[in-house]
Amino acid sequence: MSEVRVRFPPSPTGYLHIGGARTALYNWLFARKYNGKLILRIEDTDADRSTQESIDGIISGLQWLGLDWDEGPYFQTQFTHEHSAAAERLLNEGKAYKCFCTREELEDKRKAALAAKQDYKYDGLCRRLTAAETAEKEAKGLPFVIRFKVDRHEIGGVSFKDQVLGVVSRTYNDIEDFVIVRSNGKPLYLLCNVVDDIRDRISHVIRGQDHLGNTARQILLYRALAAPVPEFAHMPLTLDLQKAKISKRSHGEIVAVQFYQKAGFLPWALCNFLALLGWSTSDNQEIFSRQELIAAFSLDRINKANSIFNYRKGDPKFFTDPKAISINEHYLRTMPIAELVPLVADKLREAGLWQDEYAAGQKEWFISTLDLIRSRFHTINDFVTLGRAYFSDDYEFEERAVKKNILKHEKLREWLPELADRLESLPDFTHQNIEEIMRGLAAEFGIKPGILINGARAVSTGLLAGPGMFEVAAALGRERMVGRLRHKTAGLYK
RNA sequence: GGCCCCUUCGUCUAGCGGUUAGGACGCCGGCCUCUCACGCCGUUAACACGAGUUCGAUUCUCGUAGGGGUCACCA
């Protein structure tokens with residue numbers, strides 16, 4: 001294979017959504033696998049809808065995901081003259097023509113065709129204009145668009161071998177003379193895209209299947225411009241549970257990459273999940289490091305069928321596709337703890353819970369505490385919510401925890417402060433010693449150890465569930481543990 | 001409606017003529033246990049339908065149905 005050059009060309013009309021991110025990811029994987037180049041090109045020709053905010057969002061989203069590019073960002077509007085020149089060239093070579101039909105005329109014909117249940121395609125009225133007629137209309141100052149002249153003499157059509165779909169064909173008859181330049185002189189997407197891909201020497205166009213219908217027309221353009229036609233790979237689309245294409249408009253932030261960033265996802269976990277949405281290996285491996293995924297990725301193992309992004313609106317436990325969550329959890333508890341530390345530190349800073357000591361004198365404590373609590377967390381946000389009691393004395397009490405583990409046993413009001421006394425006098429505050437004390441005390445009281453243990457957990461962390469209590473106590477430290485048992489217990493009975 | 005693409009458990013998927021149709025997530029159950037997770041073990045659940053080709057079709061072909069995409073002077 002000669003030099004691999006692929007591109008990701010978002011139009012900056014909204015945030016980066018997961019479908020776009022997946023397209024970017026597949027392009028990135030392909031480029032990295034073949035030591036090629038990934039080009040980022042912002043397709044901002046639609047001035048009305050393009051915004052700087054959107055551009056910033058797309059770029060920061062890609063950066064967060066760790067998808068780096070080699071060239072760009074280029075901006076399509078920077079090359080308007082090239083697009084126009086290409087149109088001019090096609091016009092001069094007789095491969096395109098000026099069309100003076102008005103929108104109204106076209107609209108009427110379209111409606112008439114629709115009413116008669118006929119398929120509408122441009123009838124080629126202006127294609128049949130003589131040079132003199134064209135000149136005359138132009139002299140009158142009539143506005144015109146430029147249409148590409150689709151070959152009408154040759155039978156057959158355009159066909160290409162899609163890297164995902166296989167051979168895809170379309171007859172010339174099904175392709176109308178499409179507009180390549182607006183009446184205001186601005187070139188249209190179909191042309192711009194091809195001209196840019198030619199200039200950027202794109203070897204593989206990897207994009208969504210929603211572009212499948214554009215491909216035949218674009219191939220015609222490549223040929224007319226005497227440029228080599230790239231390989232195409234059309235990825236399946238991502239649909240929602242109702243099988244509608246996911247979009248920013250109808251699905252909101254759940255499909256925005258930024259949402260996952262805010263929700264405490266690990267960027268690579270999201271990439272890993274996205275990679276699996278429409279692609280797989282023959283051995284069904286599902287967890288991949290970067291290097292593994294780059295090595296394993298291939299276009300021909302991209303699934304042909306659309307996949308469904310499985311999320312249930314309004315279910316807090318599954319606020320997004322459960323598989324995405326489970327992959328995130330997997331990384332959360334298996335990734336090297338050293339890599340997790342800075343990510344959690346950022347979240348703690350945002351929440352105002354960070355202390356510089358965590359990176360200095362208490363570094364070892366900080367690391368081991370994260371390690372202790374991470375196995376039951378779903379996202380890194382959980383460190384500042386469910387994990388709050390480890391970093392602050394100001395934490396909430398879960399109602400169920402208080403009810404079930406405190407109020408149910410009236411005597412805990414005395415037992416827990418007593419436990420505090422015992423713990424305070426412990427020579428070494430290790431979890432083994434703590435266990436000995438707690439079990440011993442429970443025996444003295446003649447109660448099941450669980451009552452004392454769960455009560456202590458509820459008071460010291462505010463939660464119903466958590467890691468083993470003796471380790472929790474050790475992590476909290478003698479001072480905080482004793483203090484909480486002593487001073488926070490009574491208040492819970494009010 | 002025209003054109004194009006697609007169709008295996010609820011979801012993501014493996015399978016490329018002969019399999020008890022496999023895995024993952026979710027669900028449910030169990031083990032572990034101070035709780036909840038983790039981990040481990042197990043259960044539930046699928047080849048859209050109909051013809052053909054074949055000794056034999058989930059797999060190949062053709063229909064039907066269903067789904068999706070696209071039909072702009074948006075990208």
Side-chain angles (χ1 to χ4, degrees), chain A residues 9-13 43-46 48-50 76 99 101-103 106-107 110 113-114 117-121 143-147 162 164-166 168-171 173-176 178-186 188-190 192-193 208-216 234 236-237 239 241 243-245 273 276-287 303-311 318 321-327 329 333-334 373-378 401 404-405 435 438-439 442 448-458 463-470:
Chain A
S11 68
T13 56
E43 305 216 321
D44 56 348
T45 45
D46 186 347
D48 294 340
R49 296 196 300 152
S50 298
Q76 196 160 54
C99 171
C101 296
T102 65
R103 286 176 207 249
L106 259 21
E107 197 51 44
R110 190 173 291 132
L114 214 64
K117 294 211 165 190
Q118 299 262 295
D119 179 32
Y120 174 78
K121 273 192 283 295
F144 61 86
V145 298
I146 299 175
R147 286 182 184 273
D162 189 275
V164 174
L165 266 10
V168 178
S169 324
R170 220 171 145 192
T171 60
N173 260 332
D174 289 324
I175 309 172
E176 70 172 349
F178 52 97
V179 177
I180 52 176
V181 179
R182 293 179 179 91
S183 56
N184 65 5
K186 294 232 169 83
L188 250 14
Y189 166 76
L190 235 29
C192 300
N193 194 254
Q209 278 179 23
D210 49 344
H211 285 281
L212 198 53
N214 291 331
T215 310
H234 287 95
L237 267 20
L239 312 178
L241 242 17
K243 300 205 169 168
K245 193 162 84 152
F273 166 73
L276 260 22
L277 216 52
W279 173 86
S280 63
T281 57
S282 60
D283 66 354
N284 263 314
Q285 182 178 345
E286 300 206 299
I287 298 296
N303 202 174
K304 295 179 184 181
N306 293 337
S307 51
I308 291 171
F309 181 66
N310 183 23
Y311 79 99
F318 303 112
D321 193 313
K323 189 111 180 188
I325 298 175
S326 94
I327 290 174
E329 290 166 345
R333 57 186 175 249
T334 59
I373 59 184
R374 66 168 161 170
S375 80
R376 59 217 81 205
F377 287 170
H378 307 293
K404 194 173 167 190
N405 292 334
E435 174 162 12
M438 289 184 81
R439 289 194 187 281
K448 283 191 287 187
I451 294 173
L452 196 61
I453 291 168
N454 290 323
R457 174 181 292 108
L463 303 177
L464 188 63
M469 191 52 219
F470 316 122

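Order of the sequence lines fixes the chain letters, A, B, ..., with proteins taken first and strands second; residue numbering starts at 1 for each chain.
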Set of side-chain hydrogen bond (donor to acceptor under 3.5 Å, both in side chains) partners for A:Asp162, sequence neighbours left out: A:His234

Contacts of A:Arg374 that satisfy side-chain hydrogen bond (donor to acceptor under 3.5 Å, both in side chains) - sequence neighbours left out: A:Asp371

Protein N or O to nucleotides 42-49 of chain B N or O, pairs below 3.5 Å:
none

Pairs: protein N or O with nucleotides 27-32 of chain B N or O, under 3.5 Å:
from: B:C27; atom 1: OP1; to: A:Lys317; atom 2: NZ; distance (Å): 3.4

Salt bridge (charged side-chain N to carboxylate O under 4.0 Å, His left out) involving A:Arg182 - partner list, sequence neighbours excluded: none

Partners passing salt bridge (charged side-chain N to carboxylate O under 4.0 Å, His left out) against A:Glu43 (at least two apart in sequence or in another chain): A:Arg41

With sequence neighbours left out, write down each residue that passes side-chain contact (heavy atoms from CB on, under 4.5 Å) with [X], or none if nothing qualifies.
| X | answer |
| --- | --- |
| A:Glu435 | A:Arg439, A:Phe470 |
| A:Arg376 | A:Pro467 |
| A:Asp283 | A:Thr281, A:Gln285 |
| A:Asn284 | none |

Could you write out each protein N or O paired with an N or O of nucleotides 20-22 of chain B at a distance under 3.5 Å?
from: B:G22; atom 1: N2; to: A:Asn284; atom 2: ND2; distance (Å): 2.3

Contact state string [nucleotides 69-75 of chain B, B base, S sugar-phosphate only, - no protein heavy atom under 4.0 Å]: SS-SBBB

